[in-house]
Number of protein chains: 2
Amino acid sequence: MPRAGLDREAVVREAVDAVDELGADGLTLALLASRLGVKAPSLYKHVEGLDHLRASVGVASKRELATHLERATVGHAGADAIRALADAYRAWAKDHPGRYPMTVVAPAADDAADVAESERLYRVVAGALRALRLEEDAEVDAIRALRACLHGFIGLETAGGFGLPDDVNRSYALLVDDAIASLERRAANAATPAG
Amino acid sequence: MPRAGLDREAVVREAVDAVDELGADGLTLALLASRLGVKAPSLYKHVEGLDHLRASVGVASKRELATHLERATVGHAGADAIRALADAYRAWAKDHPGRYPMTVVAPAADDAADVAESERLYRVVAGALRALRLEEDAEVDAIRALRACLHGFIGLETAGGFGLPDDVNRSYALLVDDAIASLERRAANAATPAG
DNA sequence: ACGATTGGCTATTGACAATAGCCAAAAGGC
DNA sequence: GCCTTTTGGCTATTGTCAATAGCCAATCGT
């Protein structure tokens with residue numbers, strides 16, 4: 001019996017590809033094993049089971065998305081940074097519809113890598129809003145608002161929630177413009193409180 | 001063998017309750033049968049299988065949500081209607097976290113009831129925006145923007161995506177205020193084109 | 001070279017969806 | 001009130017999947 005030369009990383013990488021192709025629910029150990037030229041029980045030598053494997057795919061996806069967003073926003077500031085973030089976010093989600101939903105779940109508190117990548121995602125959004133110079137609570141509200149707009153649009157789009165044929169890119173651009181304007185207005189109001 | 005007196009409606013109703021309690025993935029025919037005092041194969045006399053059953057739960061959920069939103073918005077207009085819609089939407093989602101995600105999926109084209117309830121949901125959102133008197137394309141964009149804001153916030157909230165303890169209600173209220181202001185601005189700009 | 005560790009494997013269990021086919025309970029004709 | 005038909009339960013079975021136990025060969029350390 002020759003060895004396949006697998007290790008944890010190779011298994012997770014193949015799982016990532018499988019989820020990209022088939023969606024999170026399409027990932028089964030039986031399928032994954034066959035793609036790796038191995039029988040299903042062998043995978044337990046490398047990963048702790050399907051749940052842990054899915055969690056690993058989620059962490060890998062958060063890492064990949066965070067890197068993608070960091071690269072897209074570096075060198076941009078202000079409204080420009082927010083627009084770059086919005087476009088990169090939607091592009092990654094459309095390229096990885098199976099994994100995108102995994103990037104929005106709360107990190108498992110006992111998984112340091114998960115917590116770290118989730119914080120990295122938070123920071124890249126916070127970074128795009130830096131130029132607004134918001135005070136602490138207001139920044140949390142602003143990050144939530146921006147994430148909600150982007151995530152909501154992408155979630156509806158990938159769920160097929162937009163039944164009408166009207167140009168989806170135009171709808172998104174308008175939404176992002178409005179979000180930027182609203183957040184800038186929040187910053188301006190905070191700078192000149194009550195007049 | 002006494003009969004349980006089931007019919008399709010009773011099965012779907014119990015499935016709705018099960019999804020509310022356990023989430024969409026927690027619904028199994030074995031569990032549902034045991035809750036109904038029956039063995040699993042008996043359910044096939046009333047529903048066509050798990051996929052169809054889930055679809056029925058989805059349609060029932062769209063119907064329920066649409067009714068809830070209609071009741072919440074009736075008698076309101078303008079910004080008031082949008083705020084009422086937003087609050088009712090979030091409240092229903094929080095009351096039914098297991099079923100809420102089923103309400104945002106595209107209807108199956110061959111399921112007339114699904115199409116009808118999805119259109120009803122669309123119309124209640126459109127109704128809340130009526131006072132803005134938007135032109136056709138702009139109305140589609142506006143509905144998409146509003147749905148994205150609400151759905152995105154709720155999706156992140158129920159996914160546990162908001163790790164920080166800051167007041168989530170405040171964040172939502174601010175988001176809704178911004179959305180209303182943005183949509184009103186769209187309407188005003190359309191009314192006075194380029195000047 | 002040789003012992004320990006590692007990474008495959010087969011066999012098995014248990015949950016589940018789904019189908020086939022049986023049989024009794026309700027429903028309807030007369 | 002029978003008798004037939006339809007209906008709604010059931011058991012038995014198949015096939016998929018996750019997971020565990022336990023075997024044995026390939027590789028590695030010395």
Side-chain angles (χ1 to χ4, degrees), chain A residues 1-61 98-99 101-102 105 108 110-111 114, chain B residues 1-61 98-99 101-102 105 108 110-111 114:
Chain A
M1 287 78 214
R3 297 212 173 176
L6 295 182
D7 58 8
R8 179 184 174 83
E9 202 195 314
V11 173
V12 172
R13 189 165 31 215
E14 189 69 33
V16 161
D17 291 347
V19 173
D20 268 342
E21 293 168 27
L22 307 163
D25 291 343
L27 176 66
T28 72
L29 292 180
L31 175 84
L32 189 62
S34 114
R35 287 170 64 131
L36 290 165
V38 123
K39 298 302 173 65
S42 307
L43 298 177
Y44 287 85
K45 300 285 181 174
H46 305 292
V47 294
E48 305 80 353
L50 186 59
D51 288 348
H52 282 260
L53 179 59
R54 270 200 260 259
S56 299
V57 173
V59 175
S61 301
R99 283 194 289 147
M102 295 174 158
V105 304
D110 59 350
D111 184 338
D114 198 357
Chain B
M1 284 79 213
R3 298 211 172 176
L6 295 181
D7 57 7
R8 180 186 174 84
E9 202 194 315
V11 173
V12 171
R13 190 168 29 219
E14 188 70 34
V16 161
D17 291 346
V19 172
D20 268 341
E21 294 167 26
L22 308 162
D25 292 343
L27 176 66
T28 72
L29 292 180
L31 175 84
L32 187 63
S34 114
R35 287 171 64 132
L36 290 165
V38 122
K39 297 301 172 66
S42 307
L43 298 177
Y44 287 86
K45 299 285 181 173
H46 305 292
V47 294
E48 306 79 352
L50 187 59
D51 288 349
H52 283 258
L53 179 60
R54 270 200 261 261
S56 299
V57 173
V59 175
S61 302
R99 283 194 290 147
M102 296 174 157
V105 304
D110 59 350
D111 183 338
D114 197 357

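Computed from a predicted model, the values in this text were never measured in an experiment. Sequence lines set the chain letters: A, B, ... in the order given, protein chains first and strands last, and positions in each chain run from 1.
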| query | Just how far, in rounded Å, is P of D:dA19 from CG of A:Leu53? | reply | 10 Å
| query | Nearest-Å distance, CG (B:Leu6) to P (D:dG9)? | reply | 5 Å
| request: Could you list all the salt bridge (charged side-chain N to carboxylate O under 4.0 Å, His left out) pairs where at least one residue sits in residues 17-28 of chain A, not counting sequence neighbours? | output: A:Asp20-A:Arg99, A:Glu21-A:Arg35
| field | Heavy-atom closest pair, residues B:Ala40 and B:Ala30 | value | CB-CA, 4.2 Å
| task | Give, ordered by number, those residues of residues 10-21 of chain B having at least one heavy-atom distance below 4.0 Å to an atom of DNA chain C; if nothing qualifies, reply none. | result | none
| field | Closest non-hydrogen atom pair between A:Ser42 and A:Val38, with its separation | value | CB-CG1, 3.7 Å
Just the table, please: protein N/O against nucleotides 4-6 of chain C N/O, every pair under 3.5 Å.
from, atom 1, to, atom 2, distance (Å)
C:dT6, O2, A:Arg3, NH1, 3.4
C:dT6, O2, A:Arg3, NH2, 2.5

| message | Suppose we screen for side-chain contact (heavy atoms from CB on, under 4.5 Å). Which residues come up paired with B:Asp111, at least two apart in sequence or across chains? | response | B:Val59, B:Ala108, B:Ala113, B:Asp114
| message | Distance check needed: D:dA18 C1' versus A:Glu48 CD, whole Å only. | response | 15 Å
Would you give me the side-chain donor-acceptor pairs under 3.5 Å for residues 46-55 of chain B, sequence neighbours excluded?
from, atom 1, to, atom 2, distance (Å)
B:Glu48, OE1, B:Arg8, NH1, 3.4
B:Glu48, OE2, B:Arg8, NH1, 3.3
B:Arg54, NH1, B:Ala24, O, 3.2

| Nearest-0.5 Å distance that lies between atom OG in A:Ser56 and atom CD in A:Glu9 | 11.0 Å
| message | Rounded at 0.5 Å granularity, tell me how far CG in A:Leu6 sits from CZ in A:Arg13. | response | 10.5 Å
| remark: Here the distance between atom P of D:dT7 and atom CG of B:Asp7, to the nearest Å, is 14 Å
| field | DNA chain C contacts made by residues 22-47 of chain A, counting heavy atoms under 4.0 Å | value | A:Val38, A:Lys39, A:Pro41, A:Ser42, A:Lys45, A:His46
| Starting at NE2 of B:His52 and ending at C1' of C:dA17, how long is that distance when rounded to a whole Å? | 13 Å
| task | Compare every heavy atom of B:Leu32 with every heavy atom of B:Ala15, then report the nearest pair and how far apart it is. | result | N-CD1, 3.6 Å
| field | Minimum-distance pair of heavy atoms, taken over all atoms of A:Val16 and A:Ala60 | value | CG2-CB, 4.2 Å
| field | 4.5 Å side-chain heavy-atom contact, B:Leu22 and B:Leu27 | value | no
